[in-house]
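Here is the structure we will look at.
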Protein chains: 2
Amino acid sequence: MDINVKEPFDRDRQFALKRQAVIRAAGLDFCKRGYHNTSMTDIASNLGLTKAALYYYVKNKGEVLFECHQQAYDAMDILLEKKLIWKNGLEKLGDLYCDFVRMLTASGISLLTDVNSLSEGNKIKVLKRRRKIESKIIKIVKQGQSDGSIREGDPRLHVFFFMGALNWLNAWYDNSGHFKGEDIAVHFATQMRLGIAAA
Amino acid sequence: MDINVKEPFDRDRQFALKRQAVIRAAGLDFCKRGYHNTSMTDIASNLGLTKAALYYYVKNKGEVLFECHQQAYDAMDILLEKKLIWKNGLEKLGDLYCDFVRMLTASGISLLTDVNSLSEGNKIKVLKRRRKIESKIIKIVKQGQSDGSIREGDPRLHVFFFMGALNWLNAWYDNSGHFKGEDIAVHFATQMRLGIAAA
DNA sequence: AATAAATTTGACTCAAGAGTTAAATTTATA
DNA sequence: TATAAATTTAACTCTTGAGTCAAATTTATT
């Protein structure tokens with residue numbers, strides 16, 4: 001048996017899980033009110049904790065912001081690596097994009113835009129990761145242009161366009177609101193696909 | 001002759017122009033580094049001025065942020081009111097969107113996203129204006145769905161998608177960079193149109 | 001030359017919030 | 001029951017940056 005029944009008693013594991021929860025909660029706060037309009041005390045009290053307890057899990061506020069970014073990119077990387085067989089670049093991209101939206105609406109992970117509040121070192125790391133992901137997506141677009149499923153045009157502009165829609169998602173999406181995550185995912189993926197599909 | 005040769009000597013006029021310049025410069029700074037990562041001293045020194053001089057033109061930092069939003073919405077309203085005869089909703093929307101991108105890349109006006117750093121009162125005003133603009137655009141989409149130029153689907157989701165691309169524009173566009181504003185405008189308008197066009 | 005507007009200088013106050021600390025207390029583990 | 005981990009309490013320090021102010025200086029207008 002692989003299931004570890006003792007897991008809930010594994011303190012390191014509990015610590016890691018709680019730390020993740022802190023990051024995720026902070027991410028939601030940053031998303032809703034903005035990094036600088038959210039104090040460590042806010043984050044703590046939203047978790048039913050005290051500021052001092054937060055500092056038991058994280059070094060400082062900048063680290064929290066950094067980890068929020070990491071979390072989002074980790075999730076995106078996992079979706080990018082999901083290797084299946086696709087008819088063509090367009091299909092591949094459509095499903096990937098759908099997964100991105102699903103992930104952002106369902107997981108509590110926020111794709112933050114505030115890169116300028118990171119320390120210089122972390123900012124570089126985050127931008128590097130973002131570019132890496134972007135370039136993987138651009139590669140899929142080029143693939144689609146080669147196989148004839150995606151229309152011509154600057155691949156970077158193709159990507160900037162629909163990734164913008166994705167980045168804006170967090171600004172307005174509210175999981176207690178009118179739209180269901182899955183519906184948005186399907187709608188957005190369709191609109192994305194049609195925008196770049198070959199005639 | 002309507003041209004007022006004395007204009008450069010009209011002090012009220014000069015004051016207003018300089019105030020506008022302050023807002024616009026601040027908008028560019030906020031866009032590049034974020035509202036909270038930009039100090040009043042930064043804004044001043046980017047204009048070759050001193051902080052005290054800034055306060056000769058504006059009441060406080062919050063007012064500057066508010067005016068940045070107003071400036072962008074003023075510009076969008078002007079484009080929205082540009083009434084011409086269109087074949088159908090899709091054409092109308094395509095041209096409008098193209099104008100939006102042109103405006104954002106050419107005018108030095110920034111479409112800021114940081115609404116949470118506004119005072120409660122100003123935040124309400126800004127969100128009200130944003131919703132008003134959004135609903136005008138949604139109306140055009142519905143128009144297009146009636147006249148058969150735009151495919152079915154929730155009009156709000158159609159709009160959220162391509163307005164996201166617009167909001168994200170400021171985050172990456174650099175007027176000294178690789179892409180020409182006009183090229184982006186044409187590309188984005190095309191991609192927007194194809195995403196919602198009827199089959 | 002006289003006046004008013006625009007701007008600089010530099011020092012200052014004030015508030016908010018990050019981050020720390022030590023001691024006490026609660027909770028889980030063995 | 002003894003121990004170690006998790007968390008609270010509450011007070012504290014420090015930094016940053018907004019906003020103010022008064023006096024001096026420069027620039028434009030008449």
Side-chain angles (χ1 to χ4, degrees), chain A residues 4-23 25-27 29-30 32-68 114 116-122, chain B residues 4-23 25-27 29-30 32-68 114 116-122:
Chain A
N4 180 7
V5 226
K6 288 200 208 130
E7 195 187 297
F9 303 96
D10 180 340
R11 278 184 150 151
D12 289 352
R13 177 101 192 100
Q14 289 322 107
F15 181 91
L17 284 175
K18 287 187 190 172
R19 199 184 119 96
Q20 282 304 302
V22 165
I23 311 285
D29 289 344
F30 293 163
K32 202 163 212 88
R33 288 173 251 296
Y35 178 72
H36 289 283
N37 304 311
T38 306
S39 69
M40 289 300 264
T41 311
D42 290 337
I43 298 169
S45 79
N46 282 345
L47 282 161
L49 287 180
T50 219
K51 181 167 65 153
L54 267 201
Y55 282 97
Y56 184 72
Y57 292 103
V58 297
K59 212 169 67 252
N60 54 47
K61 197 183 176 187
E63 186 192 57
V64 177
L65 181 60
F66 179 62
E67 292 297 340
C68 285
D114 190 346
N116 293 297
S117 302
L118 293 161
S119 71
E120 210 43 48
N122 283 344
Chain B
N4 180 6
V5 225
K6 288 198 207 132
E7 195 186 299
F9 302 97
D10 180 341
R11 276 180 154 156
D12 289 351
R13 178 102 193 100
Q14 287 324 106
F15 180 91
L17 284 174
K18 287 188 190 170
R19 198 185 119 95
Q20 282 305 300
V22 165
I23 310 286
D29 289 344
F30 292 162
K32 203 164 212 90
R33 288 174 249 297
Y35 178 71
H36 288 283
N37 305 309
T38 306
S39 69
M40 289 300 263
T41 311
D42 289 338
I43 298 169
S45 80
N46 282 347
L47 282 160
L49 288 180
T50 217
K51 180 168 65 153
L54 266 201
Y55 281 96
Y56 185 71
Y57 292 102
V58 299
K59 212 168 69 251
N60 53 48
K61 198 184 177 189
E63 187 192 56
V64 177
L65 181 60
F66 178 62
E67 292 297 338
C68 285
D114 190 345
N116 293 297
S117 302
L118 291 162
S119 71
E120 209 44 46
N122 284 343

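These numbers come from the heavy atoms of this one structure, side chains and all, not from hydrogens, waters or symmetry mates. A note on names: the letters A, B, ... follow the listed sequences, proteins ahead of strands, and every chain is numbered from 1.
Side-chain N or O atoms of B/T50 include none that pairs as donor or acceptor with a backbone N or O of B/A53 at under 3.5 Å. Between the side chain of A/K61 and the main chain of A/Y35, a donor-acceptor pair closer than 3.5 Å is present. Under a 3.5 Å cut-off, the side chain of A/N116 and the backbone N or O of B/K32 do form a donor-acceptor pair.
Look at NZ on B/K61: it is 13 Å from C1' on C/dA16, rounded to the nearest Å. C/dA18 atom P lies 12 Å from atom CG of A/D29, rounded to whole Å. Rounded to an integer number of Å, the gap from CD1 of A/I43 to P of D/dT7 is 16 Å. The interatomic distance linking B/K59 (NZ) with D/dA18 (P) rounds to 16 Å, in whole Å. Summarising the geometry, the separation between OH on A/Y55 and C1' on D/dT8 is reported as 16 Å, rounded to the nearest angstrom. Distance CG (A/N60) to P (D/dT15): 16 Å, rounded to an integer number of Å. B/M40 places its CE atom 8 Å from the C1' atom of D/dA18, with the value rounded to the nearest Å. In this structure, B/D42 places its CG atom 8 Å from P of D/dG17, rounding to the nearest Å.
Residues B/D42 and B/R33 fail the side-chain proximity criterion, which asks for heavy atoms closer than 4.5 Å.
Look at B/E67 and B/K59 and you find no salt bridge, because none of the NZ, NE, NH1 or NH2 atoms lies under 4.0 Å from a carboxylate O.
Shown are A/I43, A/N46, A/L65, A/V64; of these, the side-chain contact (heavy atoms from CB on, under 4.5 Å) with A/T38 is made only by A/I43.
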Can you check nucleotides 5-12 of chain C for protein contacts, nitrogen or oxygen pairs under 3.5 Å, and list what you find?
from: C/dA6; atom 1: OP2; to: B/Y56; atom 2: OH; distance (Å): 2.1
from: C/dT7; atom 1: OP1; to: B/K18; atom 2: NZ; distance (Å): 3.3
from: C/dT7; atom 1: OP2; to: B/Y57; atom 2: OH; distance (Å): 2.2
from: C/dT8; atom 1: OP2; to: B/T50; atom 2: N; distance (Å): 3.0

